[in-house]
Chemist: 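The following block contains the structure, expressed as structure tokens.
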Amino acid sequence: MKWVYVEDLKDHVGEEVEIRGWVYNKRSSGRVRFLLVRDGTGIVQATAWSKEKDNPLFRTFDTLTQESSVIIRGKVKEERRAPGGYEIELKEIIPVQIAVDYPITPKEHGVGFLMAHRHLWLRSSRQHAIMRIRHEIIKAIRDFFDEEKKFTLVDAPILTPAACEGTTTLFETDYFGEKAYLSQSGQLYMEAAAMALGKVYCFGPTFRAEKSKTRRHLMEFWMVEPEVAYFRLEDDIRLAEELVEFMVKRVLERRRPELERLERDISKLEKVERPFPRISYDEAIELLKKDGFDIKWGDEIGGDEETALALKFEKPLILHRFPAAQKAFYMEPDPQRPELSLSFDMLAPEGYGEIIGGSERISDYDLLLKRIRENNLPEDAFQWYLDLRKYGSVPHAGFGLGVERTVAWITGVKHVRETIPFPRLLYKIYP
RNA sequence: UCCCCGGUAGCUCAAUCGGCAGAGCGGGUGGCUGUUAACCACUAGGUUGGGGGUUCGAGUCCCUCCCGGGGAGCCA
């Protein structure tokens with residue numbers, strides 16, 4: 001008997017096949033039994049008929065419970081009435097293990113309950129669709145940098161000796177008696193790598209001990225951080241635009257059924273084509289004032305303001321040239337206006353918020369040292385970083401893209417906790 | 001850390017002015033020859049988050065603690 005996956009059933013019509021999976025649901029109507037089996041690639045309906053009420057197939061069927069593991073055998077046929085369009089005529093049911101009292105029923109559940117059962121929640125068709133789109137986005141990112149742009153993947157360390165950016169938001173751990181921290185960005189290491197290999201990127205988990213409790217925050221999240229030698233801000237923004245367009249097109253091309261399962265408004269994704277609208281920080285402040293926000297030049301653009309700006313456009317919005325005082329110590333000042341940094345953020349449409357933050361980096365040794373001292377950063381820990389400005393320093397730029405926020409936007413999911421298999425949330429690390 | 005909302009059956013929720021603690025789903029039993037989160041009948045299932053208080057009487061009012069959700073700040 002040939003073992004096939006549900007997604008391949010269309011190639012086996014008329015054949016006898018074996019499906020190995022789990023019971024998704026079952027129904028019966030007198031002398032007919034319907035068994036819905038999922039195998040990770042899809043769900044198929046299997047049917048059994050009998051004239052007499054008591055027969056071995058029905059007896060086995062009746063022992064099955066939701067999420068019991070099961071192997072079924074039977075003939076594949078096209079069937080309009082079956083979900084998915086194909087159906088198995090049951091010849092044999094082989095229970096593998098009978099599940100007792102599976103907690104997630106096919107009815108509604110609350111978020112707290114589902115999060116506590118995340119290890120089981122992943123079996124639902126909605127979570128299944130999200131995970132497949134997440135995978136597609138990650139694959140698109142890799143293909144974009146590897147195949148389209150010929151970047152080299154350079155893995156950044158996860159255990160680090162000092163803060164890359166802020167100092168208050170790090171997870172601390174013991175490193176043979178020394179303090180070490182979980183990485184909150186691979187960027188500084190990518191700057192070293194860019195000076196070695198030209199165009200590089202890292203892709204990995206990052207950790208932030210921010211006590212943030214919102215739909216856009218995770219304590220552990222995945223980030224892609226390209227860094228390119230000789231790139232200026234303009235080149236950096238263009239790269240970010242190309243990446244985002246590439247990801248969205250790829251998902252539209254390959255994961256339409258999953259988007260439909262999630263009831264995503266696909267027309268909104270189809271509008272994501274370069275060039276994206278751009279507004280400078282100066283212009284943003286003027287726009288917000290006009291909209292009645294109580295804001296002045298120099299203020300941070302907060303969550304509500306960001307949303308208001310992003311909703312003016314149907315494409316991702318690029319905000320650029322933020323005041324240097326608001327931004328990280330390593331950002332290159334604008335030569336025309338030193339109070340500004342050569343920085344940008346990309347805001348996703350539909351209120352999903354910031355998905356990218358990037359900048360041109362300081363390439364001058366003296367200026368970088370000055371900034372490290374102004375920010376009271378440990379100078380010793382940054383010696384290697386300063387070295388990069390001593391030995392063949394060049395202008396360079398890069399950005400970081402948050403994978404979970406991107407997945408949330410593309411899938412249309414409201415909260416990032418559903419966009420990663422096992423989310424780490426404020427005070428919550430189970431399961 | 002701060003602000004707001006909530007905690008009642010395994011799950012999702014209801015319970016009027018403070019007056020007998022209920023429904024759907026899930027479980028069990030039976031029925032139904034094409035079901036689509038099937039349907040119908042019957043059935044089991046409760047320390048109303050913990051502690052204290054007010055009252056003839058508290059799921060309901062007060063105090064307190066715990067837990068969960070949403071948001072702010074900060075960020076991707």
Side-chain angles (χ1 to χ4, degrees), chain A residues 24-36 43-53 58 62 65-67 79-85 87 89 99-117 120-121 124-126 164-169 184-187 205-225 240 299-307 322 326-328 344-348 352-358 399-409 414-417 419-420 425-428:
Chain A
Y24 193 72
N25 202 353
K26 60 177 195 175
R27 295 183 270 269
S28 70
S29 176
R31 304 292 177 265
V32 193
R33 298 278 195 278
F34 299 95
L35 187 66
L36 289 156
I43 298 171
V44 67
Q45 175 166 283
T47 54
W49 283 268
S50 178
K51 288 205 165 60
E52 64 273 17
K53 190 176 144 191
F58 277 19
D62 290 341
T65 55
Q66 192 192 353
E67 286 305 321
E79 173 56 67
R80 187 166 302 213
R81 288 170 293 184
E87 191 171 78
E89 266 177 61
V100 180
D101 296 333
Y102 184 71
I104 303 177
T105 64
K107 279 279 177 175
E108 290 158 30
H109 298 280
V111 171
F113 179 82
L114 290 169
M115 285 305 305
H117 295 86
L120 303 176
W121 191 19
S124 78
S125 64
R126 175 184 160 84
C164 285
E165 300 181 27
T167 46
T168 56
T169 60
Q184 60 175 190
S185 165
Q187 183 205 310
T206 51
F207 307 87
R208 301 207 182 159
E210 291 163 7
K211 292 191 176 172
S212 315
K213 210 184 134 180
T214 82
R215 70 183 65 196
R216 299 193 307 278
H217 285 86
L218 293 166
M219 304 302 107
E220 177 182 314
F221 66 97
W222 286 66
M223 195 155 62
V224 191
E225 293 174 277
D299 289 347
E300 294 268 358
I301 294 176
D304 290 348
E305 289 91 354
E306 245 181 31
T307 304
F322 291 89
Q326 295 181 5
K327 288 288 179 181
F344 80 99
D345 284 353
M346 190 189 292
L347 308 183
Y352 278 92
E354 185 183 343
I355 54 171
I356 289 179
F399 63 82
L401 173 136
V403 170
E404 286 73 19
R405 286 188 184 174
T406 304
V407 175
W409 162 48
K414 295 281 178 295
H415 198 300
V416 290
R417 68 183 159 215
T419 66
I420 185 167
L425 297 159
L426 187 57
Y427 305 127
K428 273 202 305 195

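Convention: sequence-line order gives letters A, B, ...; per-chain numbering from 1.
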Chemist: What does A/His117 touch in the nucleic acid at a heavy-atom separation under 4.0 angstrom: a base, only the sugar-phosphate, or nothing?
Modeler: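 It contacts nothing in the nucleic acid.
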Chemist: Reading RNA chain B from 5' onward, which residue's closest nucleotide shows up sooner: A/Glu210 or A/Gly110?
Modeler: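 That would be A/Gly110.
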Chemist: Any donor-acceptor pair under 3.5 Å joining the side chain of A/His109 to the base of B/C11?
Modeler: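 No, no donor-acceptor pair under 3.5 Å.
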Chemist: Does A/Arg31 make a side-chain donor-acceptor contact with the base of B/U33, cut-off 3.5 Å?
Modeler: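 In this structure, the two groups form no donor-acceptor pair.
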Chemist: Nearest to the side chain of A/Phe221 - B/C75, B/G70, B/A76?
Modeler: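 Out of B/C75, B/G70, B/A76, the nucleotide with an atom closest to A/Phe221's side chain is B/A76.
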Chemist: Measure distances between side-chain N and O atoms of A/Ser28 and base N and O atoms of B/C32, and say whether any donor-acceptor pair falls under 3.5 Å.
Modeler: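 Result: at least one qualifying N/O pair found.
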Chemist: Between A/Thr206 (side chain) and A/Met223 (backbone), is there a donor-acceptor pair under 3.5 Å?
Modeler: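 Judged by distance alone, no pair lies under 3.5 Å.
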Chemist: Examine distances only and state if a side-chain atom of A/Thr419 and a backbone atom of A/Val407 form a donor-acceptor pair shorter than 3.5 Å.
Modeler: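 No; judged by distance alone, with no hydrogens or angles, the pair does not exist.
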Chemist: Report yes if a donor N or O on one partner sits less than 3.5 Å from an acceptor N or O on the other, where the partners are the side chain of A/Thr105 and the base of B/C25; otherwise report no.
Modeler: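 Counting by modelled atom types and ignoring angles, no donor-acceptor contact under 3.5 Å is found here.
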Chemist: Looking at B/G34 and A/Phe34: do their rings stack (centroid distance under 5.5 Å, interplanar angle under 30°)?
Modeler: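 No, aromatic ring not over the base.
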Chemist: Tell me which of A/Tyr427 and A/Ser29 sits closer to the 5' end of RNA chain B, going by the nucleotide each one is nearest to.
Modeler: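 Going by which nucleotide is closer to the 5' end, it is A/Tyr427.
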Chemist: Determine whether any donor atom in the side chain of A/Arg405 lies under 3.5 Å from an acceptor atom in the base of B/C75, or the reverse, and answer yes or no.
Modeler: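 Present.
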Chemist: Pick base, sugar-phosphate or nothing for A/Arg216, based on heavy-atom distances below 4.0 Å to the nucleic acid.
Modeler: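 It contacts base atoms.
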Chemist: So which nucleotide does B/U1 pair with, by the Watson-Crick or G-U wobble rule with both distances under 3.5 Å?
Modeler: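 In the structure as shown, B/U1 has B/A72 as its Watson-Crick or wobble partner.
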Chemist: If you take atom types as modelled and just measure distance, does the side chain of A/Gln66 reach the base of B/G27 with a donor-acceptor pair under 3.5 Å?
Modeler: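 Counting by modelled atom types and ignoring angles, no donor-acceptor contact under 3.5 Å is found here.
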Chemist: Rounded to the nearest 0.5 Å, how far apart are CD of A/Glu306 and CG of A/Asp345?
Modeler: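 If I round to the nearest 0.5 Å, the distance is 6.5 Å.
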Chemist: Mind checking the C1' distance from B/A14 to B/U54? Whole angstroms is fine.
Modeler: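 My reading of the C1' atoms in B/A14 and B/U54 gives 27 Å.
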Chemist: Validate the cation-pi geometry between A/Arg405 and A/Tyr352: distance from NZ or CZ to the six-membered ring centre under 6.0 Å, angle to the ring axis within 45°.
Modeler: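 Not flagged: A/Arg405 not positioned over aromatic ring of A/Tyr352.
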